Amino acid sequence: MLGHRRVAKLEREKIAEQGRRRRSSLLLSLFIFAAAALSLFSAPYALNAQQTALRIAAAADLQPVLPPVLEAFKQATGIQAEATYQASAALTAQIQNGAPFDVFLSADLSYPKRLIDAGVADTAGVIGPNEFSDSSTPITYARGTLVLWTRKDSHWPTPSLATLQDPSLHRLAIANPDRAPYGRAAVAAITSLRLNDSLKPKLITAENISQAAQFAETGNADAGLISLTSAKTEHLQSIGSYFVIPANLYPPIEQGAVIVTNTKQREACHKLLDFLLSPAIQQQLAKSGLTPVK
């Protein structure tokens with residue numbers, strides 16, 4: 001009888017131990033699953049938290065051009081980039097005052113050179129159109145073109161240099177020549193044509209080239225000396241026409257780029273500038289109104 005009792009007791013203890021093992025195994029499995037799920041769902045958030053968009057200070061003439069380029073850059077590299085568009089002079093002042101930009105895409109070479117000379121920008125390690133940069137020279141990524149634009153429903157549906165000499169032209173929009181390279185080009189063209197005396201009272205000065213185009217588009221000016229990048233936008237082509245100002249009437253608009261020295265994303269900056277100078281993107285810039293450098 002005692003033997004049977006011992007056997008029964010041992011059997012109950014064995015069954016209880018098996019139950020404890022099954023519960024421990026189940027708890028361990030649940031813990032592993034929970035840990036895996038937490039890792040699976042939290043990893044992307046941790047990765048995104050570590051990523052910072054590349055911050056670009058971009059000249060106003062690039063506003064119609066740059067967004068699809070930056071989207072293509074993101075698709076090619078996985079690097080997100082965000083641009084702020086203003087007059088080159090305004091962006092230069094912001095960078096000098098410590099604005100948190102990584103790259104400056106100017107509408108000329110003088111403003112980025114000013115930042116290099118001030119020690120707040122450089123082009124170290126960047127491969128330019130012809131060779132490695134020496135760190136003291138902005139990278140030329142494109143050249144700009146100045147045009148005369150008028151509305152199709154205006155007195156000059158097909159503008160020309162004669163439009164600038166027409167006495168019935170009362171308001172001519174240009175970008176601020178003290179702050180925008182295209183404004184300086186406009187004044188140079190007017191000077192070359194010896195129209196300073198007749199046109200100076202008619203000039204409506206905009207903060208940047210985008211605003212100059214807006215003045216002409218809305219009828220606040222009869223015509224505008226604007227960038228080809230603005231004139232070639234779908235909207236301005238649908239409501240207006242442009243005449244390309246002969247290149248010998250103004251100094252070349254060489255558009256330069258520099259890296260802000262304090263950037264923490266120098267490798268990404270290099271990739272962006274390499275991307276801008278790639279043959280495919282240079283062709284895309286040409287379609288948008290910029291002259292390629294490669």
Side-chain angles (χ1 to χ4, degrees), residues 56-71 73 81-95 101 103-115 138-149 172-189 204-218 221 223-237 240 242-245 247 249-258 272-273 276-277 281-293:
I56 303 170
D61 75 305
L62 297 176
Q63 193 163 2
V65 178
L66 205 53
V69 172
L70 296 184
E71 181 59 31
F73 177 66
E82 300 173 350
T84 298
Y85 303 96
Q86 292 183 26
S88 295
L91 294 169
T92 298
Q94 291 176 34
I95 294 171
F101 290 113
V103 175
F104 178 31
L105 301 179
S106 176
D108 74 347
L109 297 179
S110 68
Y111 287 115
K113 185 66 167 67
R114 187 179 302 181
L115 293 177
I139 296 297
T140 302
Y141 63 89
R143 294 183 177 90
T145 298
L146 184 70
V147 304
L148 177 65
W149 186 90
L172 177 64
I174 67 169
N176 188 335
D178 295 327
R179 302 177 65 79
Y182 280 91
R184 290 201 303 270
V187 170
I204 298 179
T205 303
E207 178 65 21
N208 54 53
I209 200 63
S210 294
Q211 190 179 64
Q214 184 181 27
F215 285 170
E217 171 202 352
T218 56
L225 285 169
I226 65 175
S227 68
L228 182 57
T229 58
S230 296
K232 292 195 74 169
T233 60
E234 183 178 353
H235 177 59
L236 289 194
Q237 287 196 88
Y242 65 85
F243 171 80
V244 175
I245 301 296
L249 294 180
Y250 59 93
I253 305 175
E254 296 194 44
Q255 307 206 184
V258 288
L272 175 65
L273 295 182
L276 277 177
L277 293 170
I281 298 304
Q282 287 284 298
Q283 290 178 14
Q284 185 171 336
L285 295 180
K287 294 177 181 178
S288 301
L290 292 170
T291 301
V293 295

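Just so we're clear, the structure is a prediction, and the values are computed from it rather than from any experiment. Values reported hereafter were calculated over all heavy atoms of this structure, with side chains retained and with hydrogens, waters and symmetry mates removed.
- The two residues Leu236 and Ala213 make their nearest non-hydrogen contact at CD1-CB, 4.2 Å.
- Expressed to the nearest 0.5 Å, how far CG of Leu228 lies from OG1 of Thr233 amounts to 10.0 Å.
- Checked against side-chain contact (heavy atoms from CB on, under 4.5 Å), Ala175 has the following partners two or more places apart in sequence or in another chain: Ala180, Ile209.
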Next item on the list: Decide yes or no on side-chain contact (heavy atoms from CB on, under 4.5 Å) for Leu105 and Leu66, but give the supporting numbers first.
Entry: CA-CA 10 Å; Leu105 301 179; Leu66 205 53; 4.0 Å; yes

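- Annotation for Ala81 and Leu70: closest pair O-CD1, 3.8 Å, computed over non-hydrogen atoms.
- Ala142 meets the side-chain contact (heavy atoms from CB on, under 4.5 Å) test with Leu285, Leu290; sequence neighbours excluded.
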Notebook entry, point to check: Under the side-chain contact (heavy atoms from CB on, under 4.5 Å) criterion, do Val69 and Leu62 qualify, and how do the steps go?
Noted result: CA-CA 10 Å; Val69 172; Leu62 297 176; over 6 Å; no

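- Contacts of Ser106 classified as side chain to side chain donor-acceptor pair (under 3.5 Å), with partners at least two apart in sequence or in another chain: Ser88, Asp108.
- Listed by chain and residue number, Phe275 satisfy the ring pair (Phe, Tyr, Trp, His ring centres under 6.0 Å) test with Phe73 (two or more places apart in sequence, or in another chain).
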Table please: side-chain donor-acceptor pairs of residues 250-257 below 3.5 Å, with sequence neighbours left out.
residue : atom : partner : partner atom : Å
Tyr250  : OH   : Leu146  : N            : 3.1
Gln255  : OE1  : Tyr182  : OH           : 3.0
Gln255  : NE2  : Asp61   : OD2          : 3.3
Gln255  : NE2  : Tyr141  : OH           : 3.0

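- Applying the side chain to side chain donor-acceptor pair (under 3.5 Å) test to Ser210 and every residue at least two apart in sequence or in another chain returns nothing.
- Considering only residues two or more places apart in sequence or on other chains, Ile204 meets the side-chain contact (heavy atoms from CB on, under 4.5 Å) condition with Arg171, Phe215, Ala221.
- Side chains of Gln237 and Glu234 form no contact here, defined as non-hydrogen atoms less than 4.5 Å apart.
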Checklist line | Stepwise side-chain contact (heavy atoms from CB on, under 4.5 Å) check, Leu225 with Val187 | finding: CA-CA 9 Å; Leu225 285 169; Val187 170; over 6 Å; no

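- Partners of Gln86 under the side chain to side chain donor-acceptor pair (under 3.5 Å) rule, at least two apart in sequence or in another chain, are Gln94.
- Minimum interatomic distance between Ala59 and Tyr85 (heavy atoms only, all atoms of both residues): O-CD2, 3.8 Å.
- Rounded to the nearest 0.5 angstrom, Leu91 CG and Tyr111 OH are separated by 10.5 Å.
- Evaluation of the salt bridge (charged side-chain N to carboxylate O under 4.0 Å, His left out) rule for Lys232 yields no partner, not counting sequence neighbours.
- A donor-acceptor pair is defined here as one N or O able to donate and one able to accept, closer than 3.5 Å; no such pair exists between the side chain of Trp149 and the backbone of Ser230.
- Take Gln283 and apply the side-chain contact (heavy atoms from CB on, under 4.5 Å) test, not counting sequence neighbours, and it matches no residue.
- Applying the salt bridge (charged side-chain N to carboxylate O under 4.0 Å, His left out) test to every pair with at least one member in residues 204-218, sequence neighbours left out, gives these pairs: Arg179-Glu207.
- Leu148 places a side-chain heavy atom less than 4.5 Å from the side chain of Leu172.
- Side-chain contact check for Ile139 versus Leu276: every heavy-atom pair is 4.5 Å or farther apart.
- For the pair Lys113 and Pro138, the tightest heavy-atom approach, listed with the atom from each and the gap, is N-CG, 3.7 Å.
- Residues satisfying the side chain to side chain donor-acceptor pair (under 3.5 Å) criterion with Asn208, sequence neighbours excluded, are absent altogether.
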